[in-house]
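What follows is one structure encoded as structure tokens, with my remarks underneath.
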Amino acid sequence: MNLWLRLIWVLLTAKGRGHLDIPREASSLFFRVWPHDLDISIHMNNGRYLTMMDLGRLDFMVRSGLWRQVLNHRWTPIASAVTIRFQRELRPFQKFRLETRLLCWDEALVVMEQTFVIVGGKRDGQVAARALFKGGLYDRKEKKFVEVSRLMALLGVYEVSPPSTPEVEAFLHADDRLKQVGRVTT
């Protein structure tokens, strides 16, 4: 139930956080670690980070105006790959900020960075975790990912992708290697 409440909160408060100018602006959401977010080590469960990241990407889509297009066309958001690096634990009742930004894109997929930043206390401003996400919007009717240039045009954005960083290149290379290993040959 707690995740539904957070989801509803993100949707209801999105307008108050203002429109996002993509690709330049990042989404910022503020949360607190509640007891139902904890694992047996009494810090935020690693799976909860991925769930919170979904909320960050939803906020990004809603505030950029992309969510309206997703609903109109019945596109499905698809996560293709995620890597996360945990740096500091988030303890019970700790406040944190989740920042979601678009880093780069190709024809059909985007790469986003999502960062969990501690808010308050002696660790204020320290990064708790940083993740890279690769995904896109899938058109089930056409059975393919929607071209990113089309998505950008729908939002009035006509920019080319910034160059990918060495970290993004390493992430994409690792993802490609895993994809190759997972392919069944006949």
Side-chain angles (χ1 to χ4, degrees), residues 1-68 70-71 76-105 109-137 162 165-168 170-172 174-175 178:
M1 184 62 186
N2 66 81
L3 299 176
W4 285 106
L5 293 176
R6 283 177 170 154
L7 171 69
I8 292 167
W9 173 82
V10 167
L11 292 173
L12 290 178
T13 60
K15 190 173 185 174
R17 286 188 299 279
H19 179 77
L20 278 181
D21 180 20
I22 62 169
R24 285 170 284 291
E25 293 182 330
S27 158
S28 288
L29 293 173
F30 291 84
F31 295 104
R32 182 183 298 269
V33 178
W34 294 112
H36 52 264
D37 296 323
L38 305 175
D39 61 16
I40 61 172
S41 297
I42 317 300
H43 59 215
M44 192 156 90
N45 179 287
N46 58 4
R48 187 67 81 199
Y49 284 84
L50 298 177
T51 302
M52 302 298 266
M53 288 166 53
D54 285 342
L55 296 176
R57 292 189 305 274
L58 176 64
D59 184 63
F60 189 90
M61 285 193 292
V62 169
R63 293 179 50 216
S64 69
L66 186 56
W67 190 245
R68 184 170 285 123
V70 169
L71 294 175
T76 303
I78 300 288
S80 178
V82 176
T83 187
I84 187 166
R85 174 72 170 101
F86 301 101
Q87 295 173 241
R88 307 262 185 290
E89 65 183 352
L90 288 173
R91 305 288 298 167
F93 307 106
Q94 174 70 60
K95 293 179 185 178
F96 64 94
R97 179 177 70 247
L98 173 59
E99 298 173 355
T100 302
R101 68 178 30 86
L102 180 61
L103 294 180
C104 57
W105 57 89
L109 299 171
V110 301
V111 176
M112 302 179 93
E113 178 185 60
Q114 295 190 271
T115 309
F116 293 79
V117 180
I118 297 169
V119 174
K122 61 183 177 183
R123 298 186 303 152
D124 184 51
Q126 292 183 2
V127 173
R130 185 179 315 273
L132 292 176
F133 166 90
K134 181 176 100 172
L137 295 173
T165 63
E167 296 81 12
V168 169
F171 166 61
L172 295 173
D175 176 55
L178 281 172

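Quantities reported herein were computed from a predicted structural model and do not represent experimental measurements.
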Open item on the list: Run Thr165 and Leu103 through side-chain contact (heavy atoms from CB on, under 4.5 Å) and show every step you take.
Closed with: CA-CA 9 Å; Thr165 63; Leu103 294 180; 5.6 Å; no
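- Among all heavy-atom pairs drawn from Leu109 and Gly136, the shortest one is CD2-N, 3.7 Å.
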- [ ] Begin with the C-alpha distance, continue with both residues' side-chain angles, and end with the deciding distance and a verdict on side-chain contact (heavy atoms from CB on, under 4.5 Å) for Leu3 and Arg48.
- [x] CA-CA 10 Å; Leu3 299 176; Arg48 187 67 81 199; 3.1 Å; yes
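- Side-chain atoms of Phe30 and Val117, non-hydrogen and from C-beta on, never get closer than 4.5 Å to each other.
- Note that CG of Asp54 is 15.5 Å distant from OH of Tyr49, once rounded to the nearest 0.5 Å.
- Residues Leu137 and Val70 meet the side-chain proximity criterion, which asks for heavy atoms closer than 4.5 Å.
- From Leu29, atom CG reaches atom CD of Gln114 across 9.5 Å, with rounding to the nearest 0.5 Å.
- Every residue meeting the salt bridge (charged side-chain N to carboxylate O under 4.0 Å, His left out) condition with Asp59, not counting sequence neighbours, appears here in chain and number order: Arg17, Arg63.
- When atom types are taken as modelled, the side chain of Glu99 and the backbone of Gly56 share no donor-acceptor pair closer than 3.5 angstrom.
- Minimum interatomic distance between Arg97 and Val119 (heavy atoms only, all atoms of both residues): N-CG2, 3.7 Å.
- For Val82, the side chain to side chain contact (heavy atoms under 4.5 Å, CB included) test picks out Leu50, Met53, Phe133, with sequence neighbours left out.
- Expressed to the nearest 0.5 Å, how far CG of Leu7 lies from OG1 of Thr51 amounts to 11.5 Å.
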TODO: Any chance you could lay out the side-chain contact (heavy atoms from CB on, under 4.5 Å) test for Ser27 and Leu20, step after step, and finish with the verdict?
DONE: CA-CA 7 Å; Ser27 158; Leu20 278 181; 3.9 Å; yes
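- For residues 119-128, there are no salt bridge (Lys or Arg N to Asp or Glu O under 4.0 Å) pairs, not counting sequence neighbours.
- Here the side chains of His19 and Glu25 are not in contact, with every heavy-atom distance at 4.5 Å or above.
- By the 6.0 Å contact criterion, CZ on Arg24 is enclosed, its count of non-hydrogen atoms from other residues, nucleotides or ligands being greater than 12.
- Counting only heavy atoms from C-beta outward, the side chains of Pro166 and Phe171 never approach each other to under 4.5 Å.
- Judged as a side chain to side chain contact (heavy atoms under 4.5 Å, CB included), and not counting sequence neighbours, the contacts of Val127 are Gln87, Thr115, Arg130.
- Listed for the Arg91 side chain is a donor-acceptor partner under 3.5 Å among the backbone atoms of Ile42.
- With sequence neighbours left out, the side chain to side chain donor-acceptor pair (under 3.5 Å) criterion links Thr83 to no other residue.
- When atom types are taken as modelled, the side chain of Arg32 and the backbone of Phe93 share a donor-acceptor pair closer than 3.5 angstrom.
- Between Ser64 and Val62, the closest side-chain pair of non-hydrogen atoms is not below 4.5 Å.
- From Ile84, atom CD1 reaches atom CG of Leu132 across 10.0 Å, with rounding to the nearest 0.5 Å.
- Annotation: side chain of Met112 is in contact with side chain of Arg57 (closest heavy-atom distance under 4.5 Å).
- Taking both residues in full, the closest heavy atoms of Ile118 and Ala128 are given as CG1-CB, 4.2 Å, listed atom of the first, atom of the second, then distance.
- Residues that satisfy the ring-ring contact (aromatic ring centres under 6.0 Å, His included) test with Phe96, not counting sequence neighbours, are Phe31, Phe116.
- Within the 4.5 Å cutoff, the side chain of Trp34 has no heavy atoms near those of the Pro92 side chain.
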Open item on the list: With side-chain contact (heavy atoms from CB on, under 4.5 Å) as the criterion, how do Val110 and Cys104 come out once you've worked through the C-alpha distance, each side chain's angles and the decisive distance to 0.1 Å?
Closed with: CA-CA 6 Å; Val110 301; Cys104 57; over 6 Å; no
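- Looking at heavy atoms from C-beta onward, Leu172 lies in side-chain contact with Val111 at the 4.5 angstrom threshold.
- Judged by distance alone, with hydrogens and angles left aside, the side-chain atoms of Gln94 form no donor-acceptor pair with the main-chain N or O of Leu90 at under 3.5 Å.
- Pairing each heavy atom of Leu38 with each of Met44, the nearest pair is CD2-N, 4.0 Å.
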